[in-house]
Chemist: 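Here it is: the structure, laid out below.
Remember, it's 1-based here, ligands and their atoms both numbered in the order they're listed. Any value given below was found using the heavy atoms of this structure, including those in side chains, with hydrogens, waters and symmetry copies removed.
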Amino acid sequence: VASFEVSKIKAKVFPPDPSGVCIYCGAKGKVFSREHIIPSGLGGGLILLQASCESCRKITQTFETTCLRKDMFSFRYHFDLIKHKYEIPDTVPLHLLAQGLGEVKYIPPKTNPNFLVLPFIHRPPGMISGGVPGQISPITLQVFGNTAELKAQLEQQGQLHDIRNLFNLQAFVRMLAKIAHSFLAGELGLKNFKPELPQLILDDRCILGNYLVGNWTGDSTPPSNPKTLHQLGWAPMRWGNQWVAVVRIRLFAGCGPTPIYSIVAGAISREIQQRHSLPD
Ligand SMILES: [Zn+2]
């Protein structure tokens, strides 16, 4: 890795891409909506203007809603990241495991423990580590947040937590792909990289998940500012006779040693290669 920029997430607005197309499907001549690069429900203030056509917006909204309102609800609730009251239901499910069988109890959000489940993917993206499309990387789900509170709650319920039910991996991987692609579109502009991620973002049956998304094996620099929510950056990486842009994402960076993902966004243009003084 030649260089790495870790930018703290704060309000930043990228201008519309000069190409005038949807950054996901390439459609021209439509009405485009702004893209929150990190979903606004995760507290991200990074915005790319006039980025997404209506049909792509609906697709990205669907998997982001799954991640935010189901998998990450408890954590967002306790961290005051929920802006709209209608997002807060009267009760939330607490998934339990009793004698090998899953069981769900419904409890008020206030009494739901503050926790977050995140997957560790145990391989770098297949594309840069000799893998092939369709190959599945091993993953481990880990609980972050107030695990003591979670344990106490579960002891009171007398059962074990079943985190398998608490995570939609496909939706999460597509959300990472969306963050990486829209971030690079804002940072470099669409003409400066050959996008690899749109198919994974737009097609829920796409098998490129572990080919383009994996763990980060480089530095694990923790946030220097305790107010940092997430970390996001990109680095050029050698791939055959080209350079590809690899986006590094660490969500909830302030909550302990959360996983760091690398996402291959695509080969960069010669102009970007020269701008970063990368050899041929
Ligand atoms: Zn589109």
Side-chain angles (χ1 to χ4, degrees), residues 7 9 11-72 83-84 87 125 127 133-134 168-214 230 232-234 244-249 251 261-269 271-272:
S7 51
I9 305 307
K12 179 175 178 178
V13 179
F14 291 105
D17 195 86
S19 64
V21 300
C22 170
I23 65 163
Y24 301 114
C25 72
K28 278 183 186 167
K30 298 199 173 175
V31 176
F32 300 116
S33 54
R34 60 175 52 194
E35 184 62 274
H36 287 264
I37 292 170
I38 300 264
S40 61
L42 293 184
L46 264 180
I47 289 167
L48 177 57
L49 295 174
Q50 294 171 36
S52 179
C53 77
E54 181 60 11
S55 76
C56 290
R57 190 191 66 77
K58 280 184 184 147
I59 293 170
T60 56
Q61 185 186 43
T62 302
F63 60 72
E64 286 189 343
T65 301
T66 299
C67 293
L68 268 59
R69 292 208 197 148
K70 291 187 178 154
D71 301 342
M72 296 174 175
K83 287 183 192 157
H84 310 291
E87 274 195 70
M127 184 172 158
N168 183 323
L169 189 66
Q170 175 78 348
F172 183 75
V173 163
R174 291 172 78 199
M175 185 174 82
L176 291 177
K178 192 227 82 168
I179 293 170
H181 176 74
S182 57
F183 172 63
L184 211 62
E187 282 280 310
L188 302 187
L190 284 177
K191 77 171 168 69
N192 279 318
F193 69 107
K194 193 171 160 282
E196 296 283 347
L197 294 163
Q199 195 191 341
L200 175 60
I201 296 164
L202 298 178
D203 179 1
D204 65 354
R205 289 163 306 169
C206 179
I207 58 161
L208 295 174
N210 292 139
Y211 189 65
L212 299 173
V213 180
H230 315 293
L232 184 57
W234 77 274
V244 293
V246 179
V247 177
R248 177 194 194 269
I249 300 177
L251 296 175
Y261 306 104
S262 53
I263 298 103
V264 180
I268 57 176
S269 69
E271 190 191 321
I272 300 296

Chemist: Looking only at atom types and distance, does a side-chain atom of Gln170 sit under 3.5 Å from a main-chain N or O of Asp204, one as donor and one as acceptor?
Modeler: yes
Chemist: Using 30° and 60° as the class boundaries, would you call the ring planes of Phe172 and Tyr261 parallel, tilted or perpendicular?
Modeler: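 Plane angle over 60°, so perpendicular.
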Chemist: Closer than 2.8 Å to the Zn ion (ligand 1), what protein N/O/S atoms do you find?
Modeler: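 Listed by chain and number, the atoms are Cys22 SG, Cys25 SG, Cys53 SG, Cys56 SG.
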Chemist: Please confirm whether the backbone N or O of Arg57 pairs with a side-chain atom of Ser52, one donor and one acceptor, at under 3.5 Å?
Modeler: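 At least one qualifying donor-acceptor pair exists.
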Chemist: Decide if atom CZ of Arg34 counts as having more than 12 heavy atoms of other residues, nucleotides or ligands within a radius under 6.0 Å.
Modeler: no
Chemist: With rounding to the nearest 0.5 Å, note down the distance linking CG in Leu42 to CD1 in Ile37.
Modeler: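 Result: 13.5 Å between the selected atoms.
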Chemist: Indicate yes or no for a side-chain donor-acceptor contact from Arg174 to the backbone of Thr60 under 3.5 Å, with no hydrogens or angles considered.
Modeler: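 No: the side chain of Arg174 does not pair with the backbone of Thr60.
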